[in-house]
Each structure stands twice: as structure tokens, then as C-alpha cells.
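These numbers were taken from a predicted model, which means no experiment stands behind them. Residue indices begin at 1 and follow the sequence shown.
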Amino acid sequence: MHSIQQYQEFVLEFLNAQQEEREPKNLYEPIQYILGLGGKKMRPILTLMSAEIFDADYSKALPAALAVEVFHNFSLVHDDIMDDAPLRRGHITVHEKWNINTGILSGDAMLILAYQYFEQYDPIIFRELAKLFSKTALEVCEGQQWDVDFETRSDVTIPEYLKMIEYKTAVLVAAAMKMGAIVAETSIENSELIYDFGLNLGLAFQLQDDYLDAFGNPATFGKQIGGDIIENKKTYLYLKAIEFATTEEKTKLLQLFSVSLEVNETKIEEVKTIFNATGSTKATQQAIQDYTLKAFATLDKMNISPDKKSMLRSFGENLMNRNV
């Protein structure tokens, strides 16, 4: 097994080796640009790690890992267009640097390129990877649509929100891990268990992201603290606050979320005060822990050595203790 940093280096080396001059430049340069903007490369790292967990050489999983990374970045290019976002990872977004039409078309090309990486595998493995990938890609689109729908709804429930983040975020984490298992040709049971591990860890990761958006350290989080509050997003924190709030607190929270403002520190602090007062903050932290423990529960059933179980547990713990 290798370290997280080593897996990250393997992904970057393989990614750089794929870069080549292709025409038309206005189709391929935006792809190279978004893939070169950094990021933690968490999903492809999980594919490599999962392959080695099930006794395959990490290098065998590199094409599948890159398929996951290219697809993830494709979704970011299109998300940024939908959100009219000016920045991604601290750099200008593709549609702002080029234009919206280029962003759409380059994103479409990335989706096709992602599938092409599976062509490097034998037919049986190719079929399993493509089948999982198609299912996951459609679920990510469904999650994104729910996220858009929720922006104009005032009656979003917690089960609906959890389903949305499962599809928008967690299924790709789960699929990344299962792809490593498929490449390693482990048992169906192990493949399903590693998927469940990734799914629950992905849910915990997104809830942690919601929490850090409000209560993270501005110096380390890397994004505007209170961004979800500014955009009136009905996150888990918000929904739990509505559930627990007194009549007065609920009225105040609804009023704060009924107005669209630019960055407003007063609004952010008032909302965070309500989150703390209602117990929403503690409930969110508890949910993060619950999903993390659900992920760890699958390790007991997995047919792998104790040291590999320990490594997966350590990875999950580090992920949940992050501040970025």
C-alpha cells in the first residue's frame, strides 16, 4: 500500500502523460485547463487505494481513476455555468475564461473522454466499469437537478436533502472505490461493501462540507465562509434549525433566508447564532459521525487483512477531521 500523497503523485503523473496537442484548440485547451487547476484528487486516489486494498497493483487502476477525475471535472465545468460562478479553485472558470458555448462543448467532450479510458480494459472489466459509470453519471445529474429544484422550494425535507447529496456527491465517491474493486477482480461481496463504505463516507464528507461552510476556518477552508448562507441554500444545518427552532427563531431564519444579499457578515453571524441556539450545529456534527461509523461498520464484513481495514479507517478519520 502507498500513502495518500504517493497516490496523488501517481494520478498527476498519469494525467500529465495523457496531455497532448489536439485540434481544435478551443475544445481541448479548456479541458487541460480545468484538469490542471489542482484539487485534492480524492476520487481517483480512492480508486487506486481500493485496487490495492484488494491486492491489485495500483497502476492497473490508473485509467479508471482518471475516468473518475475527468468526469468529476466535467460536472464542475457545467455546474459553474449553471451557477454563473466566476472562480473555481481560486482561478477563473472555464466559461468565463473562454465562453459559455465552449464550456458546454468542452464539458461534453470530457464526458466522452472519461468513457474512453475504460477501453484500456478487457471486455468483461470494461462492461462492469461502463455499467457502473453510466448509472453513477445519471445519478449525479439527478442530484444536480434536485439541488436546482430546492433553490425555489421552501418545503425541502431532510430525507430529500440527504437523497440529493447522496446522488450529487456520495455516489461518485462510492463508484470510485468500487471501480478499484472491479479492476482488482475481487468478490462481488467485497465490491458491494467498498461501495457502501464510499457512499456513507461521501455523505459524511458532504455534511462536513456544509458544516465547514458555516463554521470553518477562513484561513484553511479555501472558500468564502458563509457562502451557503449568502446563497440561501437549504443545507442540513438550515433544515435541522427549522426543525428544532422556536416560533420566533423560525420566523427570523425564514426572514433572513428570504432576501438575497451580497456578502453580508451580519446575516452570516445571525444565522450561525440560530444554528447554535437550536442545536442544529450539534445535530449536524452527530450526523457526520453517524455516517462515518456506518462506513466503518462495513469494514468488519470485508474480506481483507486487518492492516488494510485499519488503513481505510484511518483515511475516513482523517477525512472527517479535515478543516479544508
Any link between [X] and [Y] through a network of hydrophobic side chains (Ile, Leu, Val, Met, Phe, Trp, Tyr) touching at under 4.5 Å?
X	Y	result
Ile165	Leu76	no
Phe244	Val156	no
Leu113	Leu172	yes
Leu212	Ile288	yes
Leu46	Met1	yes

Which atom of [X] lies closest to which atom of [Y], heavy atoms considered:
X	Y	answer
Tyr238	Lys234	CE2-CG, 3.4 Å
Thr186	Ser191	CG2-OG, 3.6 Å
Asp80	Arg88	OD1-NH2, 2.7 Å
Asp213	Ile229	OD1-N, 4.4 Å
Val77	Gly103	CG1-O, 3.3 Å
Leu201	Ala295	N-CB, 4.0 Å

Is the number of heavy atoms from other residues, nucleotides or ligands within 6.0 Å of [atom1] ([X]) greater than 12?
X	atom1	answer
Glu248	CD	no
Arg153	CZ	yes
Glu189	CD	no
Leu293	CG	yes
Asn303	CG	no
Gln5	CD	no

Practice task
Would you sort out whether Ile53 and Met49 count as a side-chain contact (heavy atoms from CB on, under 4.5 Å), showing the intermediate values?
Solution key: CA-CA 6 Å; Ile53 288 289; Met49 182 192 298; 4.2 Å; yes

Exercise for the section: Test side-chain contact (heavy atoms from CB on, under 4.5 Å) on Ile34 and Met110 and set out the steps. Expected result: CA-CA 10 Å; Ile34 186 71; Met110 289 175 79; 3.7 Å; yes

Ring geometry between [Y] and [X] (parallel below 30°, tilted from 30 to 60°, perpendicular above 60°):
X	Y	answer
His2	Tyr58	perpendicular
Tyr33	Trp98	perpendicular
Phe14	Tyr117	tilted

Closer than 3.5 angstrom, by distance alone: can the side chain of [X] be matched with the main-chain N or O of [Y] as a donor-acceptor pair?
X	Y	value
Thr251	Thr247	yes
Ser258	Gln255	yes
Asn99	Thr102	yes
Asn200	Asp196	yes
Gln8	Lys40	yes
Asp209	Phe205	no
Ser106	Leu27	yes
Tyr236	Gln206	no
Gln32	Glu20	yes

Do [X] and [Y] have side-chain heavy atoms sitting under 4.5 Å apart?
X	Y	answer
Ile194	Leu312	yes
Val271	Leu253	yes
Val171	Leu199	yes

Practice task
Show your working on side-chain hydrogen bond (donor to acceptor under 3.5 Å, both in side chains) between Glu52 and Tyr7 and close with a plain yes or no.
Solution key: CA-CA 11 Å; Glu52 290 209 317; Tyr7 287 129; 2.6 Å; yes

Decide, yes or no, whether a salt bridge links [X] with [Y] under the criterion of side-chain N to carboxylate O below 4.0 Å.
X	Y	value
Lys97	Glu29	no
Glu243	Lys240	yes
Lys135	Glu139	yes
Lys267	Glu270	no
Lys272	Glu269	yes
Asp55	Lys308	yes

Handout entry: Proximity of Phe74 and Phe71 rings by center, below 6.0 Å
Key = yes

Practice task
Evaluate side-chain contact (heavy atoms from CB on, under 4.5 Å) for Asp108 paired with His78, printing each intermediate quantity in order.
Solution key: CA-CA 9 Å; Asp108 290 344; His78 280 194; 3.4 Å; yes

Practice task
Would you please test Phe133 and Tyr115 for ring-ring contact (aromatic ring centres under 6.0 Å, His included) and show each step?
Solution key: CA-CA 8 Å; Phe133 192 72; Tyr115 271 101; 4.8 Å; yes

Problem - Worked verdict on Glu96 versus Asp84 for side-chain contact (heavy atoms from CB on, under 4.5 Å) - result: CA-CA 9 Å; Glu96 288 284 347; Asp84 195 22; 3.9 Å; yes

Practice task
Show the numbers, then the answer: is there a salt bridge (Lys or Arg N to Asp or Glu O under 4.0 Å) between Lys60 and Glu185?
Solution key: CA-CA 11 Å; Lys60 190 179 178 184; Glu185 300 181 75; 3.2 Å; yes

